[in-house]
Amino acid sequence: MADEPDEPERPDDDGEHFDDAELEAMLENFEEEFHEGEGGAGESADPTGDEPSFEDELEGLLGDKAKAAFICTRLNSAELLAAFCQISDISAECIGSEQGAVAVVHNLDGDGPEAAVKDLTKVVGGLSGLLVVNRADKVEATVYYDGQAGEQLPPPFVFPSLAPFVEDVMLGISTVQDVLAQSDDVVSSDAMGQTRAYGIIAKHTHMGGGQPSIE
């Protein structure tokens, strides 16, 4: 049989088999080629700044780890949403948009996105959030309020009311990294301490005549 390019060498017909070390080396080589094919170096990073691993990509395909998760709100400030995320102990990049601020959730493992939106809407009374998540190329949109899941909505129905990049990322037209790089209004909840977060909340509350702008 003719050798095929870029395929690992097959065992000879004399009965020789790959040992564990050889198999591990092959897997590592495949992982390197996989990342090179995706564009490889530095620019292809997740929202936390870490290079996605082969295990992360595999979990995303299997649904064990979400490919992307957004908490969409009607808040008029990315800074305010980041402050709310900080006091709710949520790691996220918050992006401002005309349709409302959106939190890009960092914890995509298991039910991490659901836990994040539950905490956010429980800690911040009166704030509702729409969780839009992609797991194994299945997109779901669920309303949360007061720490509880509410109605699940058809994504095509809600996309027109959300920031355009939400649909683009969920459908694979663009990536989270693209959106973060192109937006000029991104605030990280990890970049502020709780003292600053409460100061931001107080500022927006006073500007809003006693109530934060959550609608």
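Atoms considered below: every heavy atom in the structure, side chains included; atoms not considered: hydrogens, waters and symmetry mates.
Listed here is the closest heavy atom pair of Tyr144 and Thr142: CD1-O, 3.4 Å. Shown here for Val102 and Phe70, the closest heavy-atom pair between the two residues is CG1-CB, 3.7 Å. Contact detail for Glu93 and His106: the closest heavy-atom pair is CG-NE2, 3.3 Å. In terms of heavy atoms, Ala103 sits closest to Ala92 at CB-CB, 4.2 Å. When all heavy atoms of Ser189 and Cys85 are compared, the pair lying nearest together is CB-CB, 3.8 Å. Taking each heavy atom of Val166 and Cys72 in turn, the nearest pair found is CG2-SG, 4.0 Å.
Side-chain contact check for Arg196 versus Gln86: every heavy-atom pair is 4.5 Å or farther apart. Residues Lys118 and Gln148 are not in side-chain contact: their nearest non-hydrogen atoms beyond the backbone lie 4.5 Å or more apart. The shortest side-chain heavy-atom distance between Pro155 and Val132 does not fall under the 4.5 Å cut-off. Taking 4.5 Å as the limit, every side-chain heavy atom of Ser77 sits out of range of all side-chain heavy atoms of Leu75.
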Run the side-chain contact (heavy atoms from CB on, under 4.5 Å) check on Leu130 and Val117 step by step: do they pass?
CA-CA 8 Å; Leu130 176 70; Val117 70; over 6 Å; no
* To do: Show the numbers, then the answer: is there a side-chain contact (heavy atoms from CB on, under 4.5 Å) between Val139 and Val133?
  => CA-CA 6 Å; Val139 180; Val133 61; over 6 Å; no
inquiry  = Set out, in order, the CA-CA distance, both residues' side-chain angles and the distance that settles side-chain contact (heavy atoms from CB on, under 4.5 Å) for Ile201 and Ile87, then state yes or no.
reply    = CA-CA 10 Å; Ile201 293 169; Ile87 68 171; 3.7 Å; yes
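Of the inter-residue distances, the one linking Arg135 atom CZ with Asp111 atom CG reads 7.5 Å to the nearest 0.5 angstrom. Note that CE of Met170 and CG of Asp137 are 11.0 Å apart. Values are rounded to the nearest 0.5 Å. Taking OG1 from Thr121 and CG from Leu131, the interatomic distance works out to 10.0 Å, rounded to the nearest 0.5 Å. The structure places CD1 of Ile95 at 4.5 Å from CG of Leu180, a figure rounded to the nearest 0.5 Å. Taking CG of Leu120 as the reference point, atom CG of Asp89 lies at 12.0 Å (rounded to 0.5 Å). Considering CG of Asp178 and CD1 of Ile173, their distance stands at 11.5 Å, rounded to 0.5 Å.
No salt bridge links Glu140 with Lys67; every basic N to acidic carboxylate O contact stays at or beyond 4.0 Å.
Of the possible donor and acceptor atoms, none in the side chain of Arg74 sits under 3.5 Å from a partner among the backbone N and O of Ser128. At least one donor-acceptor pair under 3.5 Å links the side chain of Asn107 to the backbone N or O of Asp109. Ser183 places no side-chain N or O within 3.5 Å of a backbone atom of Val179 that could act as its donor or acceptor partner. The closest donor-acceptor contact from the side chain of Gln99 to the backbone of Ser161 lies at 3.5 Å or more, if one exists at all.
Under a hydrophobic clustering in which Ile, Leu, Val, Met, Phe, Trp and Tyr are joined whenever their side-chain heavy atoms come within less than 4.5 Å, directly or via other members, Tyr145 and Phe84 fall into different clusters. Hydrophobic clustering (ILVMFWY, side-chain heavy atoms < 4.5 Å, transitive): Val176 and Phe159 are in one cluster. Linking ILVMFWY residues whenever their side-chain heavy atoms come closer than 4.5 Å, directly or via other members, places Leu153 and Val169 in the same cluster. No chain of hydrophobic side-chain contacts below 4.5 Å, direct or via other Ile, Leu, Val, Met, Phe, Trp or Tyr residues, connects Val186 to Ile200. Hydrophobic cluster membership is shared by Tyr198 and Val124, with clusters built from Ile, Leu, Val, Met, Phe, Trp and Tyr side chains linked at under 4.5 angstrom.
Looking at Asp190 and Ser91, their side chains do bring a donor and an acceptor atom within 3.5 Å of each other.
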